[in-house]
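Below is one structure, written out as structure tokens; comments come after it.
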Amino acid sequence: MIEFSPWPQDLAQRYREAGYWIDQPLTHILDAQLAANPRAEALVCGDRRFSYAELDRLSRNLAARLAGQGLGHGDTAVVQLPNVAEFYIVFFALLRIGVAPVNALFSHRRLELSEYVRQIAPRVVIASRQHELFRDDAFADALRAGGVGHVLLLGEDAPERSLTHWLADGAALPAEAGPTPADQVAFFQLSGGSTGTPKLIPRTHNDYDYSIRASVEICGVTSATRFLCALPAGHNFPMSSPGVLGVFHAGGTVVMAPSPEPLTCFGIIERERVTMVPLVPPAVALWLRAVEGEPACRAQIVSLALMLVGGASFAEATARRVPDLLGCRLQQVFGMAEGLVNYTRLTDPDEVVFTTQGRPISPADEVRILDEHGNPVPDGTPGALATRGPYTFRGYYRSPEHNAKAFDAEGFYHSGDVVLRQGGNLRVVGRIKDQINRGGEKIAAEEIENLLVRHPDITHAALVAAPDAHLGEKSCAFLVLRDGAGKHSPPALRRHLLDLGVAEYKLPDRFRFLPELPLTAVGKIDKRRLRDSLVAETA
Ligand code: OOB
């Protein structure tokens, strides 16, 4: 069994009685479609088309092979795949035999992958030859030497290590194999993080499945939905809000795109008659620009009925332009991999959709907005968001010290967001966590600061958000150099970080050098002052 922080008995009972937790594993999503519509089109990936029966067959093949190697309950996997059909086939295969995956982002590099491997000690790693880390055998061999039993690669020639080969084999699944119990960990989500090491979020079948079923209702997903997955497949937003899993739950069709670039996506939307798409704000800006620059390309996206936008602050002025220019409805989403997801509703008046980030999925989501003393603030006043509910986790994986800070005595998770209530809806107005939100990609300041000071010439480092017209925020590193250190160019400093193996989106966009970092009255680095100095620069 994989350890996690369970919900207290009384709440668990309440969630069951209310019908939120139905004690069905996530694999039921596929099983239900296999029974109802086996031949319906489930997934389109480039020229490849998969029915629900096909998805089920391939995932069972892999599940059987892994079970044959002795993998099962209590085991874990690290998966790093791009936006390809295999992502979901592997996901269901692992869940089918009770192996809990961490889905690393494709942009993650050696540092992130090694950290996930360190934390969960996976028995299998499934990745792609397309990724820099797996282009030669060095990293895979190191994983094997470190105790990972199997490294399976997409695009591998050697049959025994080829994911495609393991999918093709048709052995029967052992009778005793099955998913973990529905109230246990199904898989791990990744936290955007604010600490030195990335934290893992255990998600149970019950809690995740409820968030999916409820999202399907709220977003109007049906078997006629044709959903474009252009954001990184493992992210909570395109996975479950309502996400690919929501579309599978409703028996619709998922269409994969390699990136949210308008040039790529518009052609796919036209060809596949896509009706629904989740995007982060910078991608929406690119889509708007594409349509403005070339009005004829609006014809390519006429099938699009609904665009979900979330992951980072979405400017009201941009939101207002979506329906007219892109010819679809807008739905705002404010969610987090830790649980709580808010949506504007399809029946909401335009003003609510344009100016708020909606309200929680569930009547059982408890949301508190607190002042600095922990007291609730009146409506309309900004405060720190704290929440608990039927699909909000109760603790990061093996992180007792961080959990003691992130949760209060009543089990409310403090997300680090500053929000206010406006007529029953939430508006995200700021952040207290030490994170940079770079167009939806989250960067934990402490993680990068720790890496920067590993440079022999850097004695102090502070990473802060700098306002950016396109991404919303970019990152700026303020550095103090050792006495007598020579000049360091931004490319050389980024090279230092790349050599440590960190993902590229975490590299500072800018660098500033100071003789010392400003401190607050209590002696902490005064990041507000650093941020203000950047705002003054751009003003
Ligand atoms: C989503 O999940 P994460 O875990 O990558 O990031 C969560 C954080 C939130 O705590 C908040 O700081 C920010 O991202 N955020 C937003 C936002 N949606 C997320 N900030 C402002 N406006 C929004 N609409 O990002 C995520 C998960 C599920 C659905 C949608 C987004």
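In this text, all values refer to a predicted model and were calculated from it rather than measured experimentally. Side chains included, hydrogens not; waters and symmetry mates left out as well; all remaining heavy atoms used. One-based numbering, in listed order, for ligands and for the atoms of each.
At a 4.0 Å heavy-atom cut-off, ligand 1 touches Ala337 through backbone and side chain alike. Here His235 has side-chain heavy atoms under 4.0 Å from ligand 1, and that is the only part of it that gets that close. When heavy-atom distances to ligand 1 are checked against a 4.0 Å cut-off, Asn437 comes that close only through its side chain, counted from C-beta outward. At a heavy-atom cutoff of 4.0 Å, ligand 1 is contacted by the backbone of Ala312 but not by its side chain. Residue-level proximity to ligand 1 for Gln332 is absent, since no heavy atom of it falls below 4.0 angstrom. The side chain of Gln357, and not its backbone, has at least one atom closer than 4.0 Å to an atom of ligand 1 (non-hydrogen atoms only; side chain from C-beta on). By the criterion of a heavy-atom distance under 4.0 Å, the side chain of Lys433, and not its backbone, is placed next to ligand 1.
Salt-bridge annotation for Asp348 and Arg359: present, with a side-chain N of the basic residue lying under 4.0 Å from a carboxylate O of the acidic one.
Residue Gly311 holds the heavy atom nearest to atom 18 (N) of ligand 1 of all those in Gly430, Gly311, Ser215.
Donor-acceptor pairing under 3.5 Å is recorded for the side chains of Asp207 and Thr204. Between the side chains of Tyr397 and Glu3, no donor-acceptor pair is found at a separation under 3.5 Å. Checking Tyr343 against Ser215 by side-chain atom types alone, a donor-acceptor pair falls below 3.5 Å. For the 3.5 Å distance criterion, the side chains of Asp183 and His205 fail to qualify, holding no donor opposite an acceptor.
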